[in-house]
Protein chains: 2
Amino acid sequence: MSTEGSRRRDVTVADVAKAAKVSKAQAARALGNYGAVSDDVRERVLAAAEELGYRPNELARSMNTGRSNTLGVVVGDIENPHFGLATRGITDTAKKSGYNVILINTDEEKQAEVDAVRVLLDKRVDGLIVAPASSTDFPHLREVQESGRPLVLLDRAAEGLEVETFAVDMGPVSYESTKQLIGLGHLRIAFVSTLKSEQPYREGMALESSQIADRVDGMRRAFQEQALPFPADLVRLNAGDAGSIKAVARDLVTGPDPATAIIASDGLIALSVVEAIQESGLRIPDDISFIMYDDFAWTRLISPPLTVIAQPVYEMGRAAASALIRKIEGRPAAASGPELHPRLIQRGSVGAPRTALEGTLSLG
Amino acid sequence: MSTEGSRRRDVTVADVAKAAKVSKAQAARALGNYGAVSDDVRERVLAAAEELGYRPNELARSMNTGRSNTLGVVVGDIENPHFGLATRGITDTAKKSGYNVILINTDEEKQAEVDAVRVLLDKRVDGLIVAPASSTDFPHLREVQESGRPLVLLDRAAEGLEVETFAVDMGPVSYESTKQLIGLGHLRIAFVSTLKSEQPYREGMALESSQIADRVDGMRRAFQEQALPFPADLVRLNAGDAGSIKAVARDLVTGPDPATAIIASDGLIALSVVEAIQESGLRIPDDISFIMYDDFAWTRLISPPLTVIAQPVYEMGRAAASALIRKIEGRPAAASGPELHPRLIQRGSVGAPRTALEGTLSLG
DNA sequence: CTGAAAGCGCTAACAG
DNA sequence: CTGTTAGCGCTTTCAG
């Protein structure tokens, strides 16, 4: 059915050496660009290599040098633009320094992540960047550290693990935005996340992802500060595919005591939540206020444009990769990494709730 | 600054063999799960391996077997959701068959693609999936074929190269949608693409990307059929970053003879074009009609929802990966691959042009 | 500067 | 079933 090209034996240094009439060692030196080689020899070797179509076998090279010039990257979902952008930051940076990237998708599945890390280690990548699915349970990350291979974390922290982490601290913005919503009269503020959890959220429950934990925590602080009860029943985890997210959203806006504001944990969730809201005939922000994490171009295009919490995603990827490469090459850590700060961007999706009049408020 | 873990020497089969008091060969067989090993030996070896924390060196393994269980994937821009989704299709499929993926981004730069392919070949990936930046100039793809390594193409064709290609044929839909626009009275239909080109488009000019060539061609056919002049001046290439796309869009809708309809070649372009349209105070579809390639969730959320040309992107990735793996493993090609068809989804962004009354029409 | 030889960690004959 | 002996293609001593 096709030109199967008979996978003919690759030409090796030995072949080149013979053709150039020098020793294998000299040929290797000329080809690998190391050691001492006379101009004459180099020329002959290079010519022979060209002639024969020699290509180095990087596997063999890596075996000897112990370096593969490859970075392992483990993320939850490359389809999610958040990670798409971060990955771009990583690959761009890697390429600049001559590294390649092996990318593994875990679907935020813990076991898949463990396997991924192991495979990468076995493949002898020079270092790893992982966005850990769990910030509390990570024996595989410890394993990486024990192996001595450089590791940096992206997007989420691993509590108690001594490792450079490139993530923004969402606590403060979450607090701020919640406070603002409360100030407008919102008491029923929902939060929707894909975070997997065996049980539904209960107040004070430990959350596996530091990223999500910080966000919920910021919300709670804002409520506490006003001595208002935190609507824990509106924190919804396990929002998986579009269908289930929409179901959650519908549930949130219906019923006797519906949410008057919804915060979506990422762009994919936001898309489905907004769709569900539109379908149920409610209007943003008149009937319900809306905030999402991450700032994508489409959020400016819909009406009203969405109020978002932006984070420097590309920059995070870039910073993670360059820190990792520094570690790999044994260079000292940069004096100070880039500041990775989130930012609340006010647009048009937040307003006072219809029930504002009923609320008992007194804000500082 | 951190726990540098002293990268201690890895434990090898030899170490395990010694600990288990068997020969290296037997240990290797037990560990590698091949050959004949008695239960007793296997047990002792596995126990010793566990004890010592043995991990196989996949590099060494690959050197011997000639298989790395790795697929090389070369795309233009992983940040573009189109490729994000396709990549997801690839990685999901690869994982199921036990393959990993090395991903390289070319930024649609021809030289970067050549380098990418070479690096992948040198790293001895088992096969390659590439979305070629050029459908007309691809010595590096020939090189791959000569190397005998399996190759499949994604998203774009390479004219004259005998290679399985997973892309949808956009000719017919492009023709259809253009015809429809013409039917509504549009004569000034623009097409905006990121395709790089030294020169601005002129009618009949050969386009480097088969994908784009097909689309423009479909448009031309529709005009020709109606004996209408094809507005070649409205085909805009080189639309790079958001800023330049917006500039192009502004240019299209201004001037003495502006476009009355715009077709965006992908989601990223669409985002910027729609934004530019909104900013210039024009309304879709009253002032200008709009169609984009690819169907993303956000296109349903903006008002009016966008008319799009959907394509099975994930499926393309999936199909490409599974075909490649089949080739690698020497299995016969599937009787028939999945049908990869595009589909025009009518939503609300297309209407009659304001100038419809002036047009001289007579459609079949 | 050059070449011979050893070895990276593993698999693959080949005899027992 | 088991052990011995060769390599895979390259880098790296170590002598010259």
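In what follows, every chain begins at residue 1, and chains take the letters A, B, ... in the order their sequences are listed. Below, all heavy atoms of this structure are taken into account, side chains as well, without hydrogens, waters or symmetry copies. The structure presented is a predicted model; accordingly, all values stated were derived computationally and were not measured.
The stretch residues 314-323 of chain B participates, sequence neighbours left out, in these side-chain hydrogen bond (donor to acceptor under 3.5 Å, both in side chains) pairs: D92(B)-Y314(B), E315(B)-R318(B).
Salt-bridge formation is not detected for the pair K110(A)/E113(A): no Lys NZ or Arg NE/NH1/NH2 atom is positioned less than 4.0 Å from an Asp or Glu carboxylate oxygen. Under a 4.0 Å N-O distance rule, the pair D122(A)/R61(B) does not qualify as a salt bridge. Between R88(B) and D107(A), at least one side-chain N (NZ, or NE/NH1/NH2) sits under 4.0 Å from a carboxylate O, which counts as a salt bridge. Salt bridge present: R156(A) and E108(A) bring a charged side-chain N and a carboxylate O closer than 4.0 Å.
Q26(A) and R29(A) form a side-chain donor-acceptor contact under 3.5 Å, judged by distance and modelled atom types alone. For the residue pair K123(B) and S62(A), no side-chain donor N or O sits within less than 3.5 Å of a side-chain acceptor on the partner.
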Which protein N or O atoms sit under 3.5 Å from an N or O of nucleotides 13-16 of chain D?
none

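Where L31(A) and V37(B) meet DNA chain D, the nucleotide closest to each residue was compared, and V37(B) sits on the side nearer the 5' end.
Contact annotation: the side chain of E143(B) never approaches that of V114(B) to less than 4.5 Å [non-hydrogen atoms, C-beta and beyond]. Side-chain contact between K21(B) and R44(B) is present, with heavy atoms from C-beta onward closer than 4.5 Å.
We find that CG of D10(B) is positioned 11 Å from C1' of dC8(C), with the value rounded to whole Å. The distance from atom CZ of R124(A) to atom P of dC8(C) is 14 Å, rounded to the nearest whole Å. Atoms NZ (K24(A)) and C1' (dG7(C)) sit 11 Å apart, rounded to a whole Å. Look at CZ on R67(B): it is 18 Å from P on dC10(C), rounded to the nearest Å. Between D39(B) atom CG and dT2(D) atom C1' the separation is 15 Å, expressed in whole Å.
Contacts between residues 56-63 of chain B and DNA chain D, defined by a heavy-atom separation below 4.0 Å, involve M63(B), listed by number. Using a 4.0 Å cutoff on non-hydrogen atoms, the parts of residues 12-22 of chain B near DNA chain C are T12(B), V13(B), ordered by number. Near DNA chain D, meaning a heavy atom under 4.0 Å away, the residues from residues 40-51 of chain B are V41(B).
S97(A) places no side-chain N or O within 3.5 Å of a backbone atom of Y99(A) that could act as its donor or acceptor partner. The main-chain N or O of A133(B) is never found under 3.5 Å from a side-chain atom of E208(B) such that the two would form a donor-acceptor pair.
Regarding contacts with the backbone of dT2(D), a side-chain N or O of S38(B) is found under 4.0 angstrom from either OP1 or OP2. Here Y34(B) does not reach the OP1 or OP2 of dA13(C): none of its side-chain N or O atoms lies under 4.0 Å away. Residue Q26(B) places at least one side-chain N or O closer than 4.0 Å to OP1 or OP2 of dT2(D).
Remark: the N64(B) side chain and the dG7(D) base include a donor-acceptor N/O pair separated by less than 3.5 Å.
For E51(B), the CD atom is loosely surrounded, since the number of other residues' heavy atoms within 6.0 Å does not exceed 12. The local environment of NZ in K18(B) is sparse, with at most 12 non-hydrogen atoms from other residues, nucleotides or ligands closer than 6.0 Å.
With the end axes of the helix from dC1(C)-dG16(D) to dG16(C)-dC1(D) each set by five pairs, the angle from one to the other reads 40° at 10° resolution.
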* To do: Test R331(B) against I325(B) for side-chain contact (heavy atoms from CB on, under 4.5 Å), laying out the working first.
  => CA-CA 9 Å; R331(B) 283 182 281 123; I325(B) 292 173; 4.0 Å; yes
* To do: Evaluate the criterion side-chain contact (heavy atoms from CB on, under 4.5 Å) for residue pair L141(B) and V163(B); output intermediate values, then yes/no.
  => CA-CA 10 Å; L141(B) 298 183; V163(B) 57; over 6 Å; no
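No option in L154(A), T165(A), L153(A) other than L153(A) meets the side-chain contact (heavy atoms from CB on, under 4.5 Å) test with P132(A).
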